[in-house]
Enquirer: 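Provided herewith is a single structure, encoded as structure tokens, for subsequent inquiry.
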2 protein chains.
Amino acid sequence: MVTDARIVRSQEALLSAALEKLHHSPDATLSEIAQHAGVGRTTLYRLFPSRDALIRALALHCLGRMDAVTAPITQQAQSALDAIRLLFQYVMPLTREFALLMRVDQLLADDPEVVAIHRKHHRELAELIDYAKRQKEISAALSTVWLVGLIEGLFHLGWSVQTEHGYSAEEAAEMAYTSFTQGAQR
Amino acid sequence: MVTDARIVRSQEALLSAALEKLHHSPDATLSEIAQHAGVGRTTLYRLFPSRDALIRALALHCLGRMDAVTAPITQQAQSALDAIRLLFQYVMPLTREFALLMRVDQLLADDPEVVAIHRKHHRELAELIDYAKRQKEISAALSTVWLVGLIEGLFHLGWSVQTEHGYSAEEAAEMAYTSFTQGAQR
DNA sequence: ATGAAATGGAACAGTGTTGTATCATAAACA
DNA sequence: TGTTTATGATACAACACTGTTCCATTTCAT
């Protein structure tokens with residue numbers, strides 16, 4: 001009961017192509033995606049029964065990557081603020097995945113499973129911020145929902161400067177952390 | 001040579017409805033927009049010859065609003081940083097317009113006039129930031145392109161918390177300014 | 001009140017996308 | 001090497017949206 005080598009190759013090519021096309025323009029055609037993957041449109045429909053199924057699989061794939069990358073943070077972080085620093089550092093290379101997930105609400109009407117994992121990420125980030133506030137590592141002047149949004153926005157900005165201005169993921173992560181902690185003044 | 005009252009009413013209703021629908025989901029149907037405006041689809045096509053024409057008119061409308069709102073800043077600002085504070089304060093109530101303009105690249109293939117004005121705004125913001133850097137009001141540690149993106153991201157975040165969490169425009173502007181200048185630390 | 005103009009409904013063709021079915025060909029497996 | 005299985009090309013129906021035309025009705029202007 002081993003899956004044919006052609007299937008896994010096609011699946012990977014399709015998910016990769018879909019990631020690239022869909023985060024660029026969310027209403028990319030399945031023909032475009034298949035073509036960009038070097039795969040026939042028929043094969044796409046054979047592996048992913050519908051457009052939603054493809055997007056759903058892609059979203060779950062991206063969420064899985066995020067989970068995998070952020071898992072070790074809990075062990076390594078010296079403090080709550082350090083966890084946020086590591087978060088920028090580890091997630092910034094995955095900005096394509098992150099950017100797609102930011103559009104998932106728009107792409108996927110509402111898939112219960114995807115939405116559930118998405119909310120879980122959100123909640124964990126909020127908990128991290130609240131913890132940092134209690135530890136007096138970050139100011140309580142800004143509300144938690146604002147700070148969650150700020151971090152997400154900094155990821156988005158990091159993706160933007162990487163793709164449009166040739167910054168490296170490390171540079172982007174450092175700028176994001178600086179922006180988050182100190183801002184721009186003085 | 002006065003335009004009929006019905007025409008201006010329909011135009012305003014259509015632009016308003018288009019603003020609301022398109023910044024929510026960029027591929028909203030013209031039927032949806034017309035219906036949401038309480039106007040027949042035929043009328044929409046009579047006033048705006050094509051989908052692109054409507055989006056183009058809407059983009060120019062939003063750009064005009066932005067210009068009108070930001071014009072007095074040059075006179076009023078006490079310093080470069082104060083100009084940025086006023087920018088947040090004055091533009092934050094227009095986040096719907098701002099949010100649509102952020103998607104204009106995606107909505108409008110590439111209209112030369114719209115793109116030109118858009119670039120002008122971008123350039124002016126970059127010049128303001130560079131000036132603030134020369135005045136030692138903000139740090140040179142973060143690149144200008146990053147800071148331009150940061151400000152745009154803060155506008156986006158401001159729109160988000162207004163619509164999704166019931167914050168007022170004033171609150172959003174203040175949080176944005178705090179985030180920009182000080183960040184979240186301590 | 002009357003003429004002029006805008007409106008909205010319906011029906012239409014054109015187009016592009018989704019999703020399905022068929023079949024000859026190519027590649028993987030044993 | 002032979003068998004099984006995935007592939008891709010083509011053709012197809014269903015559907016939604018765009019953009020146009022026509023016409024009866026409503027609303028504005030004077």
Side-chain angles (χ1 to χ4, degrees), chain A residues 1-59 61 100 103-104 106-111 114, chain B residues 1-59 61 100 103-104 106-111 114:
Chain A
M1 185 51 205
V2 189
T3 28
D4 195 301
R6 288 168 286 185
I7 292 182
V8 298
R9 223 187 303 146
S10 298
Q11 274 185 345
E12 284 171 10
L14 281 168
L15 284 179
S16 175
L19 177 56
E20 199 149 327
K21 285 287 177 185
L22 286 176
H23 100 272
H24 180 267
S25 66
D27 38 345
T29 303
L30 294 191
S31 305
E32 289 181 65
I33 293 171
Q35 192 173 352
H36 191 258
V39 159
R41 198 170 67 94
T42 316
T43 303
L44 194 160
Y45 274 103
R46 210 173 277 119
L47 299 179
F48 303 96
S50 71
R51 182 171 224 276
D52 269 13
L54 171 64
I55 295 177
R56 188 186 130 86
L58 183 58
H61 172 79
L100 184 123
R103 297 198 169 182
V104 85
Q106 184 186 334
L107 285 165
L108 224 52
D110 35 11
D111 181 272
V114 172
Chain B
M1 185 52 206
V2 189
T3 29
D4 195 303
R6 290 167 284 185
I7 292 182
V8 299
R9 224 188 303 146
S10 298
Q11 275 184 345
E12 284 170 10
L14 281 168
L15 284 179
S16 176
L19 178 55
E20 200 150 325
K21 284 287 177 186
L22 285 177
H23 99 271
H24 180 266
S25 65
D27 39 345
T29 302
L30 294 191
S31 306
E32 289 180 64
I33 293 172
Q35 192 173 353
H36 190 258
V39 159
R41 198 169 67 95
T42 317
T43 304
L44 193 160
Y45 274 103
R46 229 185 315 265
L47 300 178
F48 304 97
S50 71
R51 182 172 224 276
D52 269 13
L54 171 65
I55 294 177
R56 188 187 131 85
L58 183 58
H61 172 79
L100 185 124
R103 297 199 169 180
V104 84
Q106 183 186 332
L107 284 165
L108 223 52
D110 35 12
D111 180 272
V114 172

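The structure displayed is predicted, hence computed values, not measured ones. All values below come from the heavy atoms of this structure, side chains included, with hydrogens, waters and symmetry mates left out.
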Enquirer: Locate the shortest heavy-atom distance separating Arg51(B) from Thr29(B); write the atom from each residue and the value.
Expert: NH2-N, 4.4 Å

Enquirer: Yes or no on side chain to side chain contact (heavy atoms under 4.5 Å, CB included) for Leu15(A) and Phe48(A), after CA distance, side-chain angles and deciding distance?
Expert: CA-CA 10 Å; Leu15(A) 284 179; Phe48(A) 303 96; 4.1 Å; yes

Enquirer: Keeping to residues at least two apart or across chains, list the ring-ring contact (aromatic ring centres under 6.0 Å, His included) pairs with something in residues 8-40 of chain A.
Expert: His23(A)-Trp159(A)

Enquirer: Over its full length, what angle do the end axes of the helix from dA1(C)-dT30(D) to dA30(C)-dT1(D) make, each axis taken from five pairs and the result rounded to 10 degrees?
Expert: 50°

Enquirer: Roughly how many Å is it from CD1 in Ile55(B) to C1' in dG19(D), rounded to a whole number?
Expert: 15 Å

Enquirer: What is the distance from CZ of Arg9(A) to P of dA27(C), rounded to the nearest Å?
Expert: 9 Å

Enquirer: Enumerate the residues from residues 10-35 of chain B whose closest heavy atom to DNA chain C is under 4.0 Å, giving them by residue number; use none for an empty result.
Expert: Ser10(B)

Enquirer: Taking all atoms of both residues into account, what is the closest heavy-atom pair of Leu30(B) and Leu44(B), and its distance?
Expert: O-CD1, 3.7 Å

Enquirer: Under the rule for salt bridge (charged side-chain N to carboxylate O under 4.0 Å, His left out), what residues qualify as partners of Glu12(A), not counting sequence neighbours?
Expert: none

Enquirer: Using a cut-off of strictly less than 4.0 Å between a heavy atom of the residue and any atom of DNA chain C, enumerate the qualifying residues of residues 36-54 of chain B by number.
Expert: Gly38(B), Val39(B), Gly40(B), Arg41(B), Thr42(B), Thr43(B), Arg46(B)

Enquirer: Do any pairs count as a salt bridge (Lys or Arg N to Asp or Glu O under 4.0 Å) and have a residue in residues 24-40 of chain B, sequence neighbours left out, and if so which ones?
Expert: none

Enquirer: Looking at side-chain heavy atoms only, is the closest gap between Pro26(B) and Gln106(A) below 4.5 Å?
Expert: yes

Enquirer: Please examine the side chains of Ile33(B) and Leu54(B), heavy atoms only from C-beta on, and report whether any two atoms are closer than 4.5 Å.
Expert: yes

Enquirer: Quick one: does any side-chain atom of Thr43(A) pair with a main-chain N or O of Val39(A) as donor and acceptor, under 3.5 Å?
Expert: no

Enquirer: In whole angstroms, how far is the P atom of dC28(D) from the CZ atom of Arg6(B)?
Expert: 6 Å

Enquirer: Does the pair Leu107(B) and Arg103(B) meet the rule for a side chain to side chain contact (heavy atoms under 4.5 Å, CB included), with working shown?
Expert: CA-CA 6 Å; Leu107(B) 284 165; Arg103(B) 297 199 169 180; 4.2 Å; yes

